[in-house]
Amino acid sequence: ETGKTEIVALDKTGTITSGEPKVTDLLLADGMTEHELLFFANALEKKSEHPLARAILAKAEENGEAEQKSEITQFQAVPGNGLSGKIGGAEVLGGNLNYIGQYSEVSEEMKRQAEHLSEQGKTPLFFSQNGTFMGIIAVADVIKEDSPRAVKELQNMGIHVVMLTGDNERTAKAIGAQAGVDEVIAGVLPEGKESV
């Protein structure tokens, strides 16, 4: 009976967005090549279950880095933070700024660029190798074209529409604004979604 429904909480990925993220930007640290960054990121993300990983694998596939033999050992996923593993003796990490910033030096300029990407609704993923920051791969899960209309229809029925996401606040707000939702609750880990 929808007459009693006052609030609808929608998960962002795959509901409001297409669930098919794409790589939108590659930002390289000094002395790093696009090829190197994608090679390491591809090796690491191959083991990841995260939907954003697929975008990186697709990009590496397209660029030819996926063909290279790259076996990750000692792989670990830190929920809500990132990934770590070893490849040919090098320790490779990928994830959000908080996580990568603990292990390598990310320049203020890179942090600024990452903020700028987040404001556009993109998710900046940071990568480092043996404690050296390699660069950022920005991934965006684009909004489904009919999402704004669906949200509007719910609102016309007097329903308060909430978007839930594990994304950071900035990225979430950008997508929420595009969809026209009433409220955005960001930074929710998968196990926390039900309690919210």
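Just so we're clear, the structure is a prediction, and the values are computed from it rather than from any experiment.
No side-chain heavy atom of E36 sits less than 4.5 Å from a side-chain heavy atom of M134. Between M163 and I16, the closest side-chain pair of non-hydrogen atoms falls below 4.5 Å. E62 places a side-chain heavy atom less than 4.5 Å from the side chain of K59. Residues L27 and L117 have side chains in contact (heavy-atom distance under 4.5 Å, counting atoms from C-beta outward). Contact of the V162 side chain with the D182 side chain is not registered, since no non-hydrogen atoms from C-beta on lie closer than 4.5 Å. Contact check for K22 versus V142: no side-chain heavy atoms found under the 4.5 Å cut-off. Side-chain contact between I136 and D25 is absent, with no heavy atoms from C-beta onward closer than 4.5 Å. Between I7 and E183 the shortest side-chain heavy-atom distance does not fall below 4.5 Å.
Nearest heavy-atom pair, F133 versus F126, reported as atom, atom and distance to 0.1 Å: CE1-CD2, 3.6 Å. Here the closest heavy-atom approach between residue A55 and residue V23 is recorded as O-CG2, 3.5 Å. In terms of heavy-atom proximity, V92 sits nearest to F40 at CG2-CD2, 3.6 Å. The two residues V8 and L10 come nearest to each other via the heavy atoms CG1-CD2, 3.7 Å. In plain terms, the two heavy atoms of I100 and V106 that are nearest each other are CG2-CG2, 4.5 Å. Heavy-atom minimum distance, P21 versus V139: CB-CG1, 3.5 Å.
The 12-atom threshold is exceeded at CD of Q120, counting heavy atoms of other residues, nucleotides or ligands nearer than 6.0 Å. At most 12 heavy atoms of other shown residues, nucleotides or ligands fall within 6.0 angstrom of atom CD in Q76.
Rounded to the nearest 0.5 Å, atoms CG (L37) and CD (Q129) are 10.0 Å apart. For the atom pair OH of Y103 and CD of E91, the computed distance is 8.0 Å after rounding to the nearest 0.5 Å. Note: K12 NZ to L164 CG = 11.5 Å, rounded to the nearest 0.5 Å. Expressed to the nearest 0.5 Å, how far CG of L97 lies from CG of L125 amounts to 11.5 Å.
In terms of hydrophobic clustering, with Ile, Leu, Val, Met, Phe, Trp and Tyr side chains grouped at heavy-atom distances under 4.5 Å, L57 and F39 are assigned to different clusters.
Looking at E169 and K173, a side-chain N of the basic residue comes within less than 4.0 Å of a carboxylate O on the acidic one, giving a salt bridge. For the pair K111 and E108, the salt-bridge criterion is met [side-chain N within less than 4.0 Å of a carboxylate O].
No donor-acceptor distance shorter than 3.5 angstrom exists from the side chain of Q178 to the backbone of G121, with no hydrogens or angles considered. Side-chain N or O atoms of T17 include one that pairs as donor or acceptor with a backbone N or O of G14 at under 3.5 Å.
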Would I137 and L38 satisfy side-chain contact (heavy atoms from CB on, under 4.5 Å), going step by step from the backbone distance to the final call? CA-CA 8 Å; I137 300 181; L38 271 172; 4.1 Å; yes
List the steps and the verdict of side-chain contact (heavy atoms from CB on, under 4.5 Å) for R149 and K152. CA-CA 5 Å; R149 196 180 66 236; K152 193 96 213 99; 5.5 Å; no
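For the residue pair E65 and H35, a side-chain donor N or O sits within less than 3.5 Å of a side-chain acceptor on the partner.
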